[in-house]
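In this chain, numbering begins with 1 at the start of the sequence shown. Because only heavy atoms are used, hydrogens play no part in the values below, and waters and symmetry mates are left out as well, while side chains stay in. Every number for a ligand or one of its atoms is a count from 1 in the order of the listing.
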Amino acid sequence: MHNTSTQHLAASDRGELPPLEQVRDDVWSLAQPMPGGHLAYSLTYLLRGADGGVHVIDPGWDSDANWDRLASALVAVAPDGAVTGITGTHLHPDHVGMAARLRRASGAPLAMHGAERAALERHDTRLLDPDEVTARLDGWDVPQERRDELSRFVDRSPDGLVLAVDRTLSDGDVLPVPGFRTVVMGTPGHTAGHICLRDDDRGLLFTGDHVLPTVFAGLGLGGTTPSNPLADYVASIDRVRRYGHYEALPGHGHRFSGLGGRADESAEHQLKRAREVAAVLADVEEPTVWDLASRLTWTAGWEGLQGFQLLSALSQTEIHRDFVRTQTWPAR
Ligand SMILES: [Zn+2]
């Protein structure tokens with residue numbers, strides 16, 4: 001993997017937000033800061049169509065400062081800055097939080113995958129909703145003394161995004177941008193309706209949170225799905241690997257080459273955890289999710305996991321356990 005953005009490299013060396021960057025003649029990337037501290041910003045992409053209008057991919061976290069930043073960027077890339085369409089790679093607020101405001105202000109339609117649209121309509125956009133949490137805490141066998149901490153977190157979590165989607169995208173659809181042939185690739189895993197966008201003419205793959213240069217994204221963080229998010233993810237990595245020679249334009253970090261290798265690393269990161277889970281399952285008969293998670297290695301240490309991190313750890317453990325139990329996979 002190689003960072004293809006010298007501007008981003010220079011900015012991060014100085015500890016600054018990267019500037020608006022021209023990626024191709026008619027493609028720009030814009031860093032939009034987000035709260036939380038885990039990642040500093042998400043990346044918005046602007047496609048300037050042959051009609052002079054701008055198509056916005058993932059407008060970013062909703063804040064007045066980001067709104068002003070986007071408005072300035074639009075004027076910089078197109079004389080009248082008219083937005084003609086909006087596409088969201090997935091339903092997380094650091095990617096589409098500002099889509100509602102942009103849609104209202106511009107009148108441009110918002111397009112997202114059908115699974116994301118359905119999840120948004122169910123207001124099913126949080127990691128877990130409170131009713132589901134109670135049921136899950138029972139199912140995971142969380143000790144009584146740790147339940148308050150998890151429930152407290154759930155009480156404090158923000159409400160799901162309220163976002164109307166105008167156009168439902170499916171695999172193989174082409175975005176309506178004159179002068180572009182940007183193809184929708186269904187890549188479920190991170191969320192059930194996550195998409196990547198492929199531009200064969202320019203050799204670009206907009207990867208959203210599917211493949212990222214500096215971190216590995218979590219799985220199953222969208223609406224509920226009958227399929228296993230890890231099984232989905234591994235299949236989605238296979239789809240992207242075919243375009244491993246394309247330049248990757250990710251949802252966070254910086255653009256990069258060596259997408260194929262990074263895709264493999266991303267799958268391997270998850271499969272390594274699946275092997276660890278398989279080893280415990282071979283040793284311990286029918287462990288609960290709590291018991292299983294406590295036997296795995298965690299960066300912060302098992303004892304150090306609290307609140308959201310703990311909730312997320314249990315959720316990821318359940319996904320890996322179900323994957324190991326139900327899928328045939330390379331147990332290298
Ligand atoms: Zn995400």
Side-chain angles (χ1 to χ4, degrees), residues 29-45 56-63 66 86-100 102 110-120 122-129 157-163 165 169 184-197 205-225 227 229-230 232-234 236-237 239-240 248-256 259 262-263 265-267 269-270 308-309 311-313 315-316 319:
S29 83
L30 175 70
Q32 293 280 51
M34 55 191 271
H38 174 50
L39 293 160
Y41 55 83
S42 60
L43 291 169
T44 296
Y45 294 98
V56 179
I57 298 170
D58 285 356
W61 184 268
D62 189 18
S63 72
N66 281 358
I86 310 162
T87 297
T89 58
H90 63 295
L91 50 68
H92 288 159
D94 49 329
H95 296 260
V96 291
M98 212 154 60
L102 184 59
L110 170 64
M112 292 186 77
H113 189 275
E116 306 300 78
R117 183 179 195 161
L120 286 164
R122 288 195 307 267
H123 297 284
D124 189 14
T125 60
R126 296 188 294 186
L127 179 61
L128 299 166
D129 71 34
S157 66
D159 282 330
L161 269 181
V162 177
L163 190 55
V165 177
L169 295 175
V184 173
M185 295 174 70
T187 48
H190 179 60
T191 65
H194 188 286
I195 58 168
C196 291
L197 297 164
L205 197 84
F206 300 87
T207 62
D209 279 358
H210 183 47
V211 181
L212 292 167
T214 59
V215 295
F216 297 111
L219 303 177
L221 301 177
T224 46
T225 158
S227 55
L230 175 51
D232 289 345
Y233 185 73
V234 171
S236 296
I237 285 291
R239 297 204 66 195
V240 163
L249 303 184
H252 302 276
H254 53 78
R255 57 195 172 109
F256 60 96
L259 171 61
R262 186 60 181 169
E265 281 172 21
S266 304
H269 173 78
Q270 299 293 345
F308 173 80
Q309 281 190 320
L311 193 67
S312 174
S315 174
Q316 302 291 306
I319 289 169

Suppose we screen for ring-ring contact (aromatic ring centres under 6.0 Å, His included). Which residues come up paired with Y41, at least two apart in sequence or across chains?
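Scan of Y41 (ring-ring contact (aromatic ring centres under 6.0 Å, His included), adjacent residues dropped) gives none.
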Under a 3.5 Å threshold, yes or no: a donor from one side chain and an acceptor from the other, between S42 and D94?
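There is no such pair between these side chains.
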Any chance you could lay out the side-chain contact (heavy atoms from CB on, under 4.5 Å) test for I237 and H210, step after step, and finish with the verdict?
CA-CA 8 Å; I237 285 291; H210 183 47; 3.8 Å; yes
Tell me, do V211 and L205 make a side-chain contact under 4.5 Å, heavy atoms counted?
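No, their side chains stay 4.5 Å or more apart.
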Within less than 2.8 Å of the Zn ion (ligand 1): protein N, O or S atom count:
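Counting protein N, O and S atoms closer than 2.8 Å to the Zn ion (ligand 1) gives 4.
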H269 vs F216 aromatic rings, parallel, tilted or perpendicular, using cut-offs 30° and 60°?
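Judged by the thresholds at 30° and 60°, the geometry between H269 and F216 is parallel.
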Mind checking whether H92 and H194 have ring centres under 6.0 Å apart?
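Ring centres of H194 and H92 not closer than 6.0 Å.
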